[in-house]
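Please read these numbers as outputs of a predicted model, since none were measured by experiment.
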Protein chains: 2
Amino acid sequence: MKLNTKSRYAVMALADMSKFPINNPVSLRDISLRQSISLFYLEQIFLKLKQNDIVKSVRGTNGGYVLKRDPKNIKLSEIFQALDQKVKTVGCKKDSKKGCNGKSAKCITHELWDELEIYINNFFENKKLSDLSLTRGNN
Amino acid sequence: MKLNTKSRYAVMALADMSKFPINNPVSLRDISLRQSISLFYLEQIFLKLKQNDIVKSVRGTNGGYVLKRDPKNIKLSEIFQALDQKVKTVGCKKDSKKGCNGKSAKCITHELWDELEIYINNFFENKKLSDLSLTRGNN
DNA sequence: TATATACCCGACTAAAATAGTCAAGTATTC
DNA sequence: GAATACTTGACTATTTTAGTCGGGTATATA
């Protein structure tokens, strides 16, 4: 059970941005340097964030990215969704007509995994970008 | 964020076993057939479960595996630990003297991931094998 | 208007993890 | 002694992850 770097970096980068005045474009280059994340990788990540209406871009010199909404209104679940990061506890598709192992019924532990999935998603659903405590001690 | 098949199958197999009278050896072959899990794979899984004192083995004809404790006393967290399945939300090692990105401080979102890790582990810690509702409807 | 900055975006790749297979055993019961 | 079933380490194909790269386009500023 592991969180991938893409979502992790996405949250890190957005947290970084949220420390600056809103409407002030923050360049990926700066984020890259401050957070030690590859610039190329950040580009990939921000493409998704943009497509999902979490940030908007400002092109050209002094450009960068800007949070599209107040950090209070950005749920972590949105960020994860943007990066196709799903919490998957079962191999079997929930909405499939067939059961889990090619059998007719649900697998014996199906309900447990569903429960776990809901439990974890709940965490992300209730956490906002603004909830991260960004003290000066942490960069 | 994905659960691997090894832990999932482990819980499935143990749930399967817990439906039978305790002290009645259940063979991997039977579990394999009922739950559609490869016998070879189950062997690998049960090796770990045995090493971690969750099941004990009975060799020979009519042998199999037996739960070493009452399902009420088997926490899911134990099963996961047995299979080296850890909940990992950060790349950086917690106990390392260095910070997360080779920097001196913790990464900006470190506390968040710690919190998530604790949150998820909490789920497994509080869930017992006996908590799985094994109705006849599910196999 | 030239130039540097910074976003845009698809294609590519190395490395690691996962999922599963296999073989050659040993112990036990019937 | 034959069949059943656990024992254990080694091996492998596939998938996923993490990250790189190249060749763009848009815009501000000097």
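For A/Tyr9, a side-chain nitrogen or oxygen approaches OP1 or OP2 of D/dG19 to under 4.0 Å. For C/dA19, the OP1/OP2 oxygens have a side-chain nitrogen or oxygen of B/Thr5 closer than 4.0 Å. Distances shorter than 4.0 Å separate some side-chain N or O of B/Tyr65 from OP1 or OP2 on D/dT7. Phosphate contact (OP1/OP2 of D/dT20, side-chain N/O of A/Ser38, threshold under 4.0 Å): present. Listed pair B/Asn62 / C/dT28 fails the phosphate criterion, with no side-chain N or O lying under 4.0 Å from OP1 or OP2. Residue B/Ser57 places no side-chain N or O under 4.0 Å from the OP1 or OP2 atom of D/dA5. The phosphate of C/dC7 (OP1 or OP2) has no side-chain N or O of A/Ser27 nearer than 4.0 angstrom. For A/Lys6 and D/dA18, the shortest distance from a side-chain N or O to OP1 or OP2 is not below 4.0 Å.
The shortest non-hydrogen separation linking B/Met1 to A/Gln85 is N-OE1, 2.6 Å.
Rounded to the nearest 0.5 angstrom, A/Ser7 OG and A/Lys86 NZ are separated by 11.5 Å.
Across D/dT27, D/dA3, D/dT17, the shortest atom-to-atom separation from the side chain of A/Thr61 is found for D/dT27. Of all nucleotides listed (D/dA10, C/dA27, D/dG22), D/dA10 comes nearest to the side chain of B/Gln44.
Among A/Arg69, A/Lys68, A/Met17, A/Lys48, the one residue that satisfies the side chain to side chain contact (heavy atoms under 4.5 Å, CB included) test with A/Val55 is A/Met17.
Summarising the geometry, the separation between CD1 on A/Ile45 and C1' on D/dT20 is reported as 13 Å, rounded to the nearest angstrom. Distance, A/Ile37 CD1 to D/dT20 C1': 16 Å, rounded to whole Å. C/dT21 atom P lies 10 Å from atom CG of B/Leu39, rounded to whole Å. Between A/Ile54 atom CD1 and C/dC7 atom P the separation is 17 Å, expressed in whole Å. Between B/Met1 atom CE and C/dT18 atom P there is a gap of 12 Å when expressed in whole angstrom units. Whole-Å rounding puts the B/Tyr41 OH to D/dT7 P distance at 19 Å. Distance CG (A/Leu83) to P (D/dA18): 11 Å, rounded to an integer number of Å. Distance CG (B/Asn4) to P (D/dT16): 14 Å, rounded to an integer number of Å.
Between the side chain of A/Arg29 and the base of C/dT5, no donor-acceptor pair of N or O atoms lies under 3.5 Å. At a cut-off of 3.5 angstrom, counting only N and O atoms as typed in the model, there is no donor on one side facing an acceptor on the other between the side-chain of B/Arg59 and the base of C/dT29. Checked by distance alone, B/Glu43 brings no side-chain donor or acceptor within 3.5 Å of a matching partner on the base of D/dC6.
Of the two residues near DNA chain C, A/Phe40 and A/Lys2, the one whose nearest nucleotide lies more 5' is A/Phe40. Nucleotides of DNA chain D nearest to B/Leu28 and A/Gln85 differ in position, and the one nearer the 5' end is that of B/Leu28.
Taking the six-membered ring where tryptophan is involved, the planes of A/Tyr9 and A/Tyr41 are perpendicular, since the angle between them exceeds 60° and thus also 30°.
Between the B/Glu117 side chain and the B/Thr89 main chain, a donor and an acceptor come within less than 3.5 Å of each other. Under the 3.5 Å distance criterion, the side-chain polar atoms of A/Asp70 are matched with a main-chain donor or acceptor of A/Lys72.
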